[in-house]
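Data first, discussion second: the structure below is written as structure tokens.
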Amino acid sequence: LYNILANIFEKEKKYSKAVLALNKALEIKSFSGDWTDDEYLYNGYIEDRISLFYYYQIKNPYKALEYGVRAIEL
């Protein structure tokens with residue numbers, strides 16, 4: 001759900017809101033089988049996506065590195 005919301009925000013070029021939506025997905029971190037985000041929660045995809053938003057759109061390389069490292073760790 002939050003991943004889909006982030007897609008919408010990305011298309012609208014509201015990158016800070018996309019990051020907030022993806023962070024909300026990370027807060028869930030539970031597998032219910034009902035959410036479309038579940039397949040992405042544990043493989044580093046969301047962290048990687050947040051890293052790219054921070055690096056390319058928000059221009060914050062420190063946060064980009066933080067989330068990039070998290071993605072690699074997963």
Side-chain angles (χ1 to χ4, degrees):
L1 179 65
Y2 290 107
N3 190 41
I4 294 169
L5 187 58
N7 289 341
I8 293 167
F9 286 136
E10 181 181 12
K11 288 178 184 173
E12 294 174 351
K13 298 184 180 186
K14 297 178 180 177
Y15 303 110
S16 294
K17 287 186 177 185
V19 168
L20 290 175
L22 292 171
N23 272 310
K24 190 68 172 171
L26 291 178
E27 287 177 20
I28 295 172
K29 284 281 187 175
S30 65
F31 187 81
S32 66
D34 294 333
W35 297 93
T36 56
D37 284 341
D38 286 343
E39 63 187 281
Y40 301 113
L41 286 177
Y42 298 99
N43 65 6
Y45 172 81
I46 292 176
E47 290 86 350
D48 185 45
R49 194 160 177 216
I50 293 171
S51 176
L52 292 172
F53 280 135
Y54 269 122
Y55 188 78
Y56 289 108
Q57 306 300 337
I58 300 174
K59 309 294 187 214
N60 185 335
Y62 302 107
K63 288 298 252 184
L65 179 61
E66 175 188 334
Y67 281 96
V69 168
R70 287 186 196 181
I72 291 168
E73 288 174 347
L74 291 170

> For the residue pair Asn23 and Tyr67, what are the closest heavy atoms and their distance?
Replying inline: OD1-OH, 2.9 Å
> Is the closest side-chain heavy-atom distance between Leu52 and Asp48 below 4.5 Å?
Replying inline: yes
> Any idea which heavy atoms bring Ala21 and Tyr2 closest together, and the distance?
Replying inline: O-CB, 3.2 Å
> Say you draw a straight line from OH of Tyr54 to OG of Ser16; how long is it, rounded to the nearest 0.5 Å?
Replying inline: 7.5 Å
> At their closest point, which heavy atom of Ala64 faces which heavy atom of Ser51, and how far apart are they?
Replying inline: O-OG, 2.6 Å
> Got Glu47 and Leu74 here, is their nearest side-chain heavy-atom distance under 4.5 Å?
Replying inline: yes
> Side-chain heavy atoms under 4.5 angstrom apart, residues restricted to Ile, Leu, Val, Met, Phe, Trp, Tyr: same cluster for Leu20 and Ile46?
Replying inline: no
> Any idea which heavy atoms bring Leu26 and Ile50 closest together, and the distance?
Replying inline: CD1-CD1, 3.9 Å
>> On a heavy-atom basis, which atom in Ala71 and which in Gly44 lie closest, and how many Å separate them?
In response: CB-O, 3.5 Å
> Charged N to carboxylate O under 4.0 angstrom, Glu73 versus Arg70?
Replying inline: no
>> Rounded at 0.5 Å granularity, tell me how far CD in Glu10 sits from CG in Asn3.
In response: 9.5 Å
>> A quick test of your reading: do over 12 heavy atoms of other residues, nucleotides or ligands sit less than 6.0 Å from OH of Tyr55?
In response: no
>> Show, in sequence, the C-alpha distance, side-chain angles and deciding distance for Arg49 and Leu22, and conclude whether the side chain to side chain contact (heavy atoms under 4.5 Å, CB included) test is met.
In response: CA-CA 8 Å; Arg49 194 160 177 216; Leu22 292 171; 3.9 Å; yes
>> Suppose clustering is done on Ile, Leu, Val, Met, Phe, Trp and Tyr with side-chain heavy atoms closer than 4.5 Å. Which residues sit in the same group as Ile72?
In response: none
>> Checking Phe9 now: which residues fulfil ring pair (Phe, Tyr, Trp, His ring centres under 6.0 Å) with it, not counting sequence neighbours?
In response: none
